[in-house]
Amino acid sequence: PDLSKWTDRVLLYQMVVHLADIANPSRPFHLARAWAERVIQEFCLQGDKEASIGLPVTPFCNRATINMPKAQQGFIQVFLRPTL
């Protein structure tokens with residue numbers, strides 16, 4: 001399609017970001033794992049910041065309790081599977 005004719009560019013950008021988000025589990029394992037580790041690190045930094053200012057730590061952002069395989073399974077179940 002001719003993207004220059006799309007009137008809702010925000011929707012287009014949201015779709016591109018969403019596709020980038022859900023693409024990771026389909027990559028070769030060594031790449032998917034490396035990216036998942038980066039995402040988990042970012043989540044843990046968010047949780048650290050939340051804790052440091054007295055907020056409850058968001059689920060999947062708690063460094064002490066995060067389990068990367070379960071987090072990845074949760075991501076696939078909650079965000080990826082409904083789009084298939």
Would you mind listing the cluster partners of Leu31? Hydrophobic ones only (ILVMFWY), side-chain contacts under 4.5 Å, chaining allowed.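 Leu31 shares its hydrophobic cluster with no other residue.
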
Please, which pairs that meet salt bridge (charged side-chain N to carboxylate O under 4.0 Å, His left out) have at least one residue in residues 56-69, sequence neighbours excluded?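 Residue pairs with at least one partner in residues 56-69: Asp48-Arg63.
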
How would you list all residue pairs meeting salt bridge (charged side-chain N to carboxylate O under 4.0 Å, His left out) that involve residues 27-36, not counting sequence neighbours?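 Non-adjacent pairs meeting salt bridge (charged side-chain N to carboxylate O under 4.0 Å, His left out): Arg33-Glu37.
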
Side-chain donor-acceptor pairs of residues 67-75 under 3.5 Å, sequence neighbours excluded:
{"residue": "Asn67", "atom": "OD1", "partner": "Lys70", "partner atom": "N", "Å": "2.9"}

Could you work out, with side chain to side chain contact (heavy atoms under 4.5 Å, CB included) as the rule, every residue matching Ala34, not counting sequence neighbours?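 For Ala34 the side chain to side chain contact (heavy atoms under 4.5 Å, CB included) partners, ignoring immediate neighbours, are Arg38.
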
Applying side chain to side chain contact (heavy atoms under 4.5 Å, CB included), name anything that partners Gln46, two or more places apart in sequence or on another chain.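 Residues passing side chain to side chain contact (heavy atoms under 4.5 Å, CB included) with Gln46: Glu50, Thr58, Cys61.
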
Closest contact, heavy atoms only, Phe60 versus Phe43: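 Smallest heavy-atom distance, with atoms named: O-CB, 3.4 Å.
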
